[in-house]
Student: 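Take this structure, written in structure tokens, and hold onto it; I'll ask about it next.
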There are 2 protein chains.
Amino acid sequence: MLTTKKTIRRQVILDEAAKLFKEKGYGGTSMRDLAGNVGLEAASMYNYIKGKDEILELICQRIAGIYISQLHDIEQTEATYAAKVEALIRLHIRLMVEEGPAVSVANHDWKYLPEPQLTEFKDARKSYEQGFARLVEEGIQAGEFQPLHPSVALFTILSAVRWVELWYRPGRGLSAEELENDIVAMLLKGLAK
Amino acid sequence: MLTTKKTIRRQVILDEAAKLFKEKGYGGTSMRDLAGNVGLEAASMYNYIKGKDEILELICQRIAGIYISQLHDIEQTEATYAAKVEALIRLHIRLMVEEGPAVSVANHDWKYLPEPQLTEFKDARKSYEQGFARLVEEGIQAGEFQPLHPSVALFTILSAVRWVELWYRPGRGLSAEELENDIVAMLLKGLAK
DNA sequence: TCTTCTTACGAACATTTGTTAGAGAAAATC
DNA sequence: GATTTTCTCTAACAAATGTTCGTAAGAAGA
């Protein structure tokens with residue numbers, strides 16, 4: 001079977017690592033800290049992972065993969081550009097609500113990736129941004145959006161969505177749906193012609 | 001005089017530290033790294049600063065102070081809420097263009113502040129956010145803005161502005177003015193009724 | 001010139017870091 | 001029940017960390 005006891009425990013380590021990395025940063029989190037939170041000694045974790053590097057790698061790669069596949073899905077839809085951008089924004093917000101810590105790590109700690117993976121990650125991110133920017137650009141040319149610089153519009157959207165992972169806490173008088181609707185309302189209205 | 005040779009050198013250390021912290025993180029920057037960039041040995045820097053903690057402290061406190069005083073200035077203006085929010089957004093963007101590294105440190109590495117200053121910083125930030133949120137809230141009540149949740153609108157603005165420090169590089173076919181105008185256009189239009 | 005004060009340095013410090021080796025316990029297989 | 005495999009621990013490692021100490025060179029003041 002695919003979900004052996006080993007892979008489950010491995011995932012527990014990765015999840016706990018994401019939480020700690022988010023809270024204290026990659027450099028600020030020691031293997032002993034992590035081990036404590038998992039309920040193991042530091043040395044024991046090396047039965048599940050190759051090293052600290054690999055933990056960061058796996059987290060970043062997984063999130064990058066999700067981002068890219070979400071973009072890919074949307075690109076193949078038949079819809080207005082506004083609808084496509086809206087769908088993408090909603091997917092991103094949901095990802096952040098569901099996978100806050102991992103997304104946070106991919107957003108902040110990717111720079112500590114060792115070298116082959118670092119370039120890989122940066123390339124993936126760039127290609128993702130270019131794909132998203134193309135959507136915005138075509139929307140402008142189609143007359144759906146006001147004529148802003150595409151990259152400014154792009155980064156304004158991406159960053160505006162990013163705060164969710166930093167500041168949103170569920171169950172504080174604001175549901176995930178309300179959140180999503182308000183952000184989409186504000187960003188799309190700002191973009192629209 | 002106030003700008004003795006000592007305080008100048010001290011500022012060089014702080015500036016260089018901000019750059020390094022931004023690039024490699026607080027935990028990822030060693031005193032030896034920093035000393036190398038300043039042109040000193042690590043031990044020699046202790047003639048200018050008390051320790052690594054203090055460097056972070058001084059950077060964060062300075063930026064927090066600027067943020068708060070900017071808000072304070074705007075609050076005392078006579079203008080529409082839209083004009084106030086716009087002015088605040090513009091001030092923030094300018095600060096990020098001019099003080100990119102220091103702002104980055106105050107945004108990302110504040111969590112490594114030692115304990116009396118950590119609470120101090122968090123309190124300052126909270127009071128700043130509340131002040132900004134009040135502006136948005138009153139704007140909504142005055143009918144200038146559409147009825148979003150004030151905190152969602154607030155954080156969308158703050159984060160949308162924040163990417164400037166992360167992604168904007170001057171002299172790449174986009175002037176600081178164009179940048180400012182596009183961001184303001186998008187955010188205020190999104191907020192407006 | 002002699003003295004005092006400041007600045008820079010090399011060496012060393014105690015800790016903490018990620019990681020490995022080896023031994024013993026537990027689980028799985030026969 | 002015996003044997004093999006998998007897991008977990010303690011102990012130790014080399015390297016890197018922030019910081020201190022004592023010393024020597026430099027600048028400033030007498």
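By convention in this document, chain letters (A, B, ...) are assigned in the order of the sequence lines, proteins followed by strands, and residues within each chain are numbered from 1.
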Student: Which is it for A/Lys22 and A/Asp109 under the salt bridge (Lys or Arg N to Asp or Glu O under 4.0 Å) test, yes or no, and what are the steps along the way?
Tutor: CA-CA 9 Å; A/Lys22 169 172 182 178; A/Asp109 296 323; over 6 Å; no

Student: Distance check needed: C/dA21 P versus A/Tyr46 OH, whole Å only.
Tutor: 12 Å

Student: Measure CG/B/Asn47 against C1'/D/dT19 and give the value in whole Å, please.
Tutor: 13 Å

Student: Is it possible for you to check whether A/Arg172 lies under 6.0 Å from the centre of the six-membered ring of A/Trp167, through NZ or CZ, and within 45° of that ring's axis?
Tutor: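 No.
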
Student: In whole angstrom, give the distance that lies between atom CG of A/Leu56 and atom C1' of C/dG18.
Tutor: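 So the two atoms are 14 Å apart, to the nearest Å.
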
Student: Quick one: A/Lys52 NZ to D/dA16 P, roughly how many Å, whole number?
Tutor: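 Taking NZ of A/Lys52 and P of D/dA16, I get 15 Å after rounding.
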
Student: Whole angstroms only, please: what is the CE-C1' distance between A/Met31 and D/dC13?
Tutor: 16 Å

Student: Is the phosphate of D/dA16 approached by B/Ser30 (side-chain N or O, under 4.0 Å from OP1 or OP2)?
Tutor: no

Student: Between D/dT17, C/dA8, C/dT19, which nucleotide gets closest to the side-chain atoms of B/Arg32?
Tutor: D/dT17

Student: Answer yes or no: are there more than 12 heavy-atom neighbours, outside A/Glu115 itself, under 6.0 Å from its atom CD?
Tutor: yes

Student: Quick one: B/Ile49 CD1 to D/dG18 P, roughly how many Å, whole number?
Tutor: 10 Å

Student: Does B/Glu54 reach the main-chain N or O of B/Lys50 with its side chain, forming a donor-acceptor pair under 3.5 Å?
Tutor: yes

Student: Return the value, rounded to whole Å, for the distance between atom CG of A/Asp33 and atom C1' of C/dT17.
Tutor: 11 Å

Student: Give the rounded distance in Å between these two atoms: NZ of B/Lys24 and C1' of D/dA16.
Tutor: 13 Å

Student: Please check the phosphate of C/dT6 (OP1 and OP2 only) for any side-chain N or O of B/Lys6 closer than 4.0 Å.
Tutor: no

Student: Report the residue (A/Ala43 or B/Arg9) whose heavy-atom-nearest nucleotide on DNA chain C is the more 5′ of the two.
Tutor: B/Arg9

Student: Picking from D/dT19, C/dC9, D/dT10, which would you name as closest to the side chain of A/Glu41?
Tutor: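 Of D/dT19, C/dC9, D/dT10, D/dT10 is nearest to the side chain of A/Glu41.
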
